[in-house]
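Before any comments, here is the structure.
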Amino acid sequence: MVRTRFAPSPTGYLHIGGARTALFNWLFARHHRGSFILRIEDTDVERSTEEATQAILDAMEWLGLKWDEGPYFQSKRLHLYREHVERLLERGLAYRCYCTPEELEERRKRALEEGRPPRYDGRCRDRKDRPDLPHAIRFKVPRNGATIVRDLIKGTVSFDHSEIEDLVILRSDGMPTYNLCVVVDDALMGITHVIRGDDHLNNTPKQILLYEAFGYKVPEFAHVPMILGPDRTRLSKRHGATSVTAYREMGYLPEAMVNYLVRLGWSYGDQEIFSVEELIEKFSLENVGRSSAVFNPEKLLWLNAHYIKEKDDRELAELLVPFLEKRGYRARGDERLPKIVKTLKERAKTLEEMAEMADFYFAEEIEYDEEARKRFLTPERLEIFDALIEGLSGLEEFTEKGIEGVFRRIMEEKGLKLGKLAQPVRVAVTGRTVSPGIFETLEALGKERTIKRLKKARDLLKEATL
RNA sequence: GGUCCCAUCGUCUAGAGGCCUAGGACACCGGUCUCUCAAGCCGGAAACACGGGUUCGAAUCCCGUUGGGACCGCCA
């Protein structure tokens, strides 16, 4: 039975990298019909917040990454970690360290300056007295030998014990540290596969040593490469929008985000588009690459446009409503919505953009683009507008087909090409020279508003003629 | 500085020694369609970091160089 987990620390929002790690874990578990566990690593009391926890949960739900167990909170499992530290202490595998953080910081700084490795020197390791002073607990890393990490992605990696310092496992305030908690939890929770960012590869030998000290079975490890910013350094806030939530707010669809994220580091031949079902079927660690990947917002945008085009009009309309409301329109319940969405879905790359393009459908009064007005709302079009208003008013069914019929008839009568009709009407109705096809636009806008806007334009022309 | 990881078009990647004159996708450029803009379709430019081996044969295997990244916390 495969068991994987995602273990974020609630110190900020779910970012792109974390989301991909979660996705890989989720897909791996689903693929093997195993369990996916969510665990919140909140042992850093200073930086952990409830808001961050909630934001992470929300983002995961939005992405569709449902967890089978949890969320577990490490802050509620402190007794387990302390008990484990006690076990190590009793067996002489851990010891009290009385060095203060300030002293350690000072020594680290000096070591770096002098070009020595900034590692703890183990000075408290063999200390015999046990004064009643503040102290941390450190794990005794064997002085000799090496630990081999067999990684499903990176292969076999060897770490010499001389390179590993005696790590702190219990802080002087009694709180356990990451390397201890992660081992205790993964062991107790029966995690079979630890899939995480390769920034953890260097921690892995320490953790293996802890597993062994406790006599626990070591899980399989899979370290996935980092996601980088355009400057090829680890993706972070200074690279712009990196939180999953930010993309949701910009009008991205979760399908696009999932599809984009999975292809960052994983591939399946030449295929680019994957449904979630397909991913569950096809995902495997063997097809995860070993090199880091640069985050490319343009491709994500393309995928988003793709999924917008594919989505059902009614569902899309539903998703668009909040974005319209943000622009001040009471769009909910407007029965034109699916039709409106239909005219826009081929053109908009995000919901935000779609709402922007939909402006003219909802605005009480439209504003003419000055250039467009000058060019297309000219006195000699007066005739056209009169004919159009008459023809369209007479339509029983205000449909694309009927509208086109009226246009064609007028074109024939006046001997005009469609462009001569469509552009002035477009400007009259949308205020701009760019819009979806004119017939579908008019139908979606509705008869009443169409006629009203045409009349307004006509009156403007009349005034100009006088 | 030490340790570890990585290296195919600008970017994401295919490639498991001959199928490679290196394939796909995004972005870019051109054409086509056309009521505008998109979308779609067709086409174009664009890469095996370098040097040594191994082999009849290397993008693929080995070594080195160079370059990039991560880690070296009483953060996770």
Side-chain angles (χ1 to χ4, degrees), chain A residues 7-11 41-44 46-48 97 99-101 104-105 108 111-120 134-138 149 151 153-155 157-160 162-165 167-179 181-182 196-205 223 225-226 228 230 232-234 260 263-273 287 289-303 305 309 344-349 357 372 376 407 417-423 425-427 430 432-439 441:
Chain A
S9 63
T11 54
E41 311 224 322
D42 56 351
T43 53
D44 184 349
E46 299 285 305
R47 300 196 303 149
S48 299
C97 173
C99 303
T100 66
L104 292 167
E105 185 50 42
R108 204 170 4 251
L112 242 18
E113 274 164 14
E114 290 166 16
R116 287 179 290 115
R119 217 175 289 132
Y120 177 64
H135 60 271
I137 307 293
R138 284 183 189 270
V149 178
D151 191 273
I153 292 169
K154 304 283 184 182
V157 188
S158 173
F159 293 87
D160 212 288
S162 62
E163 300 295 335
I164 307 172
E165 67 172 5
L167 57 143
V168 170
I169 52 178
L170 196 71
R171 302 181 176 99
S172 49
D173 66 358
M175 286 298 278
T177 62
Y178 167 73
N179 283 113
C181 298
V182 81
R196 65 206 337 180
D198 71 6
D199 48 337
H200 286 286
L201 188 57
N202 288 299
N203 281 324
T204 309
H223 286 95
M226 300 269 85
L228 275 25
R232 301 207 137 265
T233 65
R234 192 194 175 120
Y260 178 70
R263 281 287 287 101
L264 217 47
W266 176 84
S267 62
Y268 189 81
D270 284 342
Q271 193 171 341
E272 294 287 349
I273 306 291
N287 291 323
R290 285 129 303 164
S291 54
S292 47
V294 173
F295 179 70
N296 179 200
E298 306 243 280
K299 188 155 182 179
L300 170 58
L301 190 60
W302 170 75
L303 276 163
K309 278 180 218 121
L344 264 19
K345 68 198 279 196
E346 297 276 301
R347 293 157 236 267
K349 292 185 192 300
M357 290 169 141
F376 293 107
F407 272 68
K417 286 195 171 181
L418 182 52
K420 290 285 174 198
L421 276 189
Q423 278 309 78
V425 171
R426 178 168 278 121
V427 175
T430 72
R432 315 171 220 174
T433 55
V434 173
S435 88
I438 196 65
F439 309 128
T441 298

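Within every chain, numbering begins at 1; the chains are lettered A, B, ... in the order of the sequence lines, protein sequences first and strands thereafter.
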Anything under 3.5 Å between a protein N or O and an N or O of nucleotides 3-9 of chain B, put it in a table, one pair a line.
from	atom 1	to	atom 2	distance (Å)
B/C5	O2'	A/K154	NZ	2.7

Show me the protein contacts with nucleotides 62-67 of chain B, counting only N or O atoms at under 3.5 Å.
none

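When each of B/A70, B/A76, B/U11 is scored by its nearest atom to the side-chain atoms of A/V294, the top-ranked nucleotide is B/U11. Proximity note for A/S267 (side chain, C-beta onward) versus B/A14, B/C12, B/A70: the nearest is B/A14. With distances taken from any side-chain atom of A/P118 to the nucleotides B/A76, B/C72, B/C12, the minimum falls on B/C72.
Across all strands shown, A/L104 has heavy atoms under 4.0 Å from base atoms, whether or not it also approaches the sugar-phosphate. Among the heavy atoms of the strands lying under 4.0 Å from A/R234 are primed sugar atoms or P, OP1, OP2 only; no base atom is included. Looking at heavy-atom distances under 4.0 Å, A/E114 makes no contact with the nucleic acid at all. A/R47 comes within 4.0 angstrom of a nucleotide base, judged by non-hydrogen atoms across all strands. When heavy atoms are screened at a 4.0 angstrom cut-off, A/G289 is found touching no nucleic acid atom at all.
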Contact state string [nucleotides 24-43 of chain B, B base, S sugar-phosphate only, - no protein heavy atom under 4.0 Å]:
BBSS-------BBBBS----
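Residue A/R232 places no side-chain N or O under 4.0 Å from the OP1 or OP2 atom of B/G10.
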